[in-house]
2 protein chains.
Amino acid sequence: MSLRARRAKATIRDVAAYAGVGIATVSRALNDDPDIAAATRARVLEACEALAFRRSSLARSLKVGATDNVGVAIMSRHAPVILNPFYAEVIGGIEGVLEDAGKHLLLSSLKRRDDLLDLASEGRVDGLLVVGCDVVPEVLTRLRDVELPVVLIDNAFEGIPSVVVDHVGAGSQAARHLLDGGGTRFAFVAENLENPNFRARLEGFRRALAGAGIELTPEAIAAGGDSWDGGYAAMSRVLAAIHPPPDAVFAANDPAALSAAKALNEHGLRVPDQVALVGVDDIHLAAHHAPPLTTVRFDKRGLGATGARHLLDRLAGRQVPALTTIATELVERGTSRSDRGTR
Amino acid sequence: MSLRARRAKATIRDVAAYAGVGIATVSRALNDDPDIAAATRARVLEACEALAFRRSSLARSLKVGATDNVGVAIMSRHAPVILNPFYAEVIGGIEGVLEDAGKHLLLSSLKRRDDLLDLASEGRVDGLLVVGCDVVPEVLTRLRDVELPVVLIDNAFEGIPSVVVDHVGAGSQAARHLLDGGGTRFAFVAENLENPNFRARLEGFRRALAGAGIELTPEAIAAGGDSWDGGYAAMSRVLAAIHPPPDAVFAANDPAALSAAKALNEHGLRVPDQVALVGVDDIHLAAHHAPPLTTVRFDKRGLGATGARHLLDRLAGRQVPALTTIATELVERGTSRSDRGTR
DNA sequence: CGTCGCGCTGGAAACGTTTCCGGTCTCGGC
DNA sequence: GCCGAGACCGGAAACGTTTCCAGCGCGACG
């Protein structure tokens with residue numbers, strides 16, 4: 001009788017037999033149903049223990065219609081996606097709130113767009129967090145029509161709750177800071193100009209300058225390619241095109257800024273004395289660069305966390321805002337000096 | 001007749017009815033069964049399209065006994081785990097091979113150890129990758145007795161296939177390099193001395209020195225705490241204890257090394273002229289530090305990738321080696337100079 | 001012309017749960 | 001002593017697949 005614990009995984013029936021009760025009763029014991037006598041529950045639990053029984057989450061999910069896991073999909077041409085420190089932070093935020101809610105997180109870095117739709121409709125997850133601005137409208141339309149709760153992160157689309165960063169605001173903060181610092185000749189460098197976030201930053205930058213009566217000419221805008229030294233190439237191009245050289249440079253992100261700094265140095269221009277430089281992202285390296293990089297920071301973990309919270313709210317049937325914006329904040333460091341105005 | 005596509009999610013029965021076939025036939029069409037006429041298959045597929053049918057992976061998994069997703073569990077006291085760049089790299093490697101194999105990856109950063117056992121026996125995953133050296137033997141024993149295929153990464157345990165880094169080798173490589181550079185007074189700094197990996201590095205370091213007839217005294221070994229400046233504190237302690245100060249320092253990892261460099265600077269000791277310094281990990285910052293940090297590198301992504309590959313092999317019923325070791329490699333940069341021997 | 005084999009198909013039984021619905025038992029009130 | 005009401009429990013029907021097994025039609029072979 002005590003050697004019942006055989007090889008094959010115990011099922012709820014085995015437990016029922018062992019405890020001398022019906023399977024419904026076992027289920028009740030497992031689910032903290034109030035309609036069960038304390039003694040019976042104890043006996044059942046004991047039987048579970050004795051048989052090393054673990055209920056199949058598969059069968060349960062099938063019956064109950066929910067899996068308790070949510071998908072986190074990141075669409076990216078560049079695999080693997082976790083290595084992108086930006087996404088890593090976002091996922092970190094997501095992970096935190098999901099873990100606390102007892103949800104499991106199914107991570108998927110989609111290469112093909114069909115994978116995303118598959119994930120959405122296979123029933124593997126209860127909800128979906130779609131991260132990144134590379135997801136095209138066509139996919140989003142299909143996503144909207146699927147019954148699965150979806151929340152977009154760092155991307156916005158009509159009809160799907162979205163959490164975005166105020167990239168435009170980041171651009172204008174940078175512009176204002178550079179203006180305050182006494183900049184007069186402005187430039188914008190980036191790895192590429194296709195990324196919607198970069199475009200938004202540029203747009204904010206341009207608009208704020210326009211507000212001060214300054215126009216950003218096409219030669220003052222350059223993209224240098226998605227490699228590690230894209231910012232270098234972009235900066236070099238600007239330096240070749242404009243004379244005298246700019247004294248206020250805004251880079252679409254920190255890597256571009258750091259790499260642009262190198263180009264400036266090699267060109268004999270000293271940062272921040274002759275050129276002020278500001279980036280976006282506040283990556284770890286930024287603070288440890290020499291000189292430390294002035295940058296526009298935003299709460300990446302908060303971005304992921306609020307997205308996750310909104311999804312949980314939707315799963316619970318609560319309403320969530322259609323669009324949430326994460327604020328940005330300029331952190332002044334060594335590559336710009338606001339007291340430079342009087343020279 | 002064409003307005004069949006109603007709200008409720010279509011099931012395989014609906015498709016069968018729509019296509020005028022039996023449900024078994026639909027299943028066959030979906031699973032590329034050879035025993036089905038081409039015309040029938042086409043009709044079924046068309047019906048699927050028309051009804052926007054997507055089969056439930058839940059039901060399928062339940063019947064078939066496999067879910068096509070594997071768990072990646074990282075046990076860590078410090079949440080969230082993806083933010084640790086080391087783990088991020090490892091996960092990146094895992095992600096790559098899993099994605100290629102068509103598996104989904106269920107990410108779990110366990111706080112409680114029971115969560116790990118739950119994950120292992122709930123049937124949610126087909127296999128488990130357990131990452132990190134913080135998992136205690138007691139849990140591993142239980143894990144071994146579970147029917148689920150498990151592979152350990154950066155950790156080893158009798159009876160579970162494991163993939164580890166040759167931390168001992170890393171320590172001795174560092175020692176040899178420092179000896180070659182002419183070091184005579186050695187020290188070891190770390191954030192803590194509990195981490196098994198750090199201990200292994202120290203052990204390798206100590207052994208290689210012993211091989212050269214040099215003994216590492218207790219005062220030359222210090223841990224400064226797990227904070228950002230643990231290395232700083234450790235280094236300061238050593239400097240206070242030893243006179244004349246060491247001329248060759250090995251840090252258990254790069255953050256500690258960087259932070260130790262700061263302590264050395266503040267103490268008026270110039271790196272590498274007066275003290276040679278080497279770390280482990282080759283984090284991104286290392287190469288961009290001034291001066292660039294000499295460090296011991298190993299293939300973190302490969303670590304994850306081989307672990308994942310071994311798990312896939314196990315899932316396919318193939319045998320895998322009980323223990324695989326990832327080699328390390330010293331990369332010489334600015335904080336050490338091998339030509340320093342003659343001074 | 002009967003029968004065999006073969007290509008294709010459909011029905012029904014699983015897989016391991018939850019949950020509805022009804023049943024038994026006990027107990028207090030009359 | 002009977003009755004109704006709870007409290008507790010068990011059987012069985014789902015959930016949406018896969019797969020076994022039997023059946024059908026039909027050409028070929030004897």
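Everything numeric here is computed off the predicted structure, so don't read it as measured data. Lettering follows sequence order; numbering is per chain, from 1.
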In chain order, what residues pass the side-chain hydrogen bond (donor to acceptor under 3.5 Å, both in side chains) check against B/Thr67, with sequence neighbours excluded? B/Asn69, B/Asp126
Residues in side-chain hydrogen bond (donor to acceptor under 3.5 Å, both in side chains) with B/Asp154, at least two apart? B/His167, B/Asn197
Shorter than 3.5 Å, N or O on both sides, protein versus nucleotides 22-25 of chain D: list them out with atom names.
none

Contacts of B/Glu122 that satisfy side-chain hydrogen bond (donor to acceptor under 3.5 Å, both in side chains) - sequence neighbours left out: B/Arg124
For A/Thr11 and C/dT17, is the shortest distance between a side-chain N/O and OP1 or OP2 below 4.0 Å? yes
In whole Å, I'd like the distance from the CZ atom of B/Arg54 to the P atom of D/dT17. 11 Å
Output the rounded distance in Å from CG (A/Leu58) to C1' (C/dC15). 9 Å
Across all chains, not counting sequence neighbours, the side chain to side chain contact (heavy atoms under 4.5 Å, CB included) partners of B/Ile23 are B/Ile12, B/Arg13, B/Ala16
In whole angstroms, how far is the C1' atom of C/dT18 from the CG atom of A/Leu30? 11 Å
Any salt bridge between A/Arg144 and A/Glu158, counting N to O under 4.0 Å? no
Contact state string [nucleotides 7-14 of chain D, B base, S sugar-phosphate only, - no protein heavy atom under 4.0 Å]: -SBBBB-B
For B/Asp145, is there an ion pair with B/Arg142 - N to carboxylate O distance below 4.0 angstrom? no
Does anything in residues 51-75 of chain A pair up under salt bridge (Lys or Arg N to Asp or Glu O under 4.0 Å), and if so which pairs, sequence neighbours excluded? A/Arg54-B/Asp118, A/Asp68-A/Lys103
Could you state the atom-to-atom distance from CG of A/Leu62 to C1' of D/dC15 in whole Å? 4 Å
Which of the following nucleotides, C/dT19, C/dC15, D/dT17, is nearest to the side chain of B/Arg55? D/dT17
For A/Asn155, enumerate each residue passing the side-chain hydrogen bond (donor to acceptor under 3.5 Å, both in side chains) test, keeping only those at least two apart in sequence or located in another chain. none
Can you tell me how far C1' of C/dG16 sits from CG of A/Asn31, to the nearest Å? 13 Å
What salt bridge (Lys or Arg N to Asp or Glu O under 4.0 Å) pairs are there with at least one residue in residues 35-46 of chain B, not counting sequence neighbours? none
Select base, sugar-phosphate, or nothing to describe what A/Ser27 touches, counting heavy atoms under 4.0 Å on all strands. base
What residues, two or more places apart in sequence or in another chain, satisfy salt bridge (charged side-chain N to carboxylate O under 4.0 Å, His left out) together with B/Glu49? none
Looking at five pairs on each end of the helix from C/dC1-D/dG30 to C/dC30-D/dG1, what is the angle between the two axes, given to 10 degrees? 70°
Output the rounded distance in Å from CD1 (B/Ile12) to C1' (D/dT19). 11 Å
Exercise answer: donor-acceptor pairs, residues 316-323 of chain B side-chain atoms, under 3.5 Å, sequence neighbours excluded:
| from | atom 1 | to | atom 2 | distance (Å) |
| --- | --- | --- | --- | --- |
| B/Arg318 | NE | B/Asp313 | OD1 | 3.1 |
| B/Arg318 | NH2 | B/Asp313 | OD1 | 2.8 |

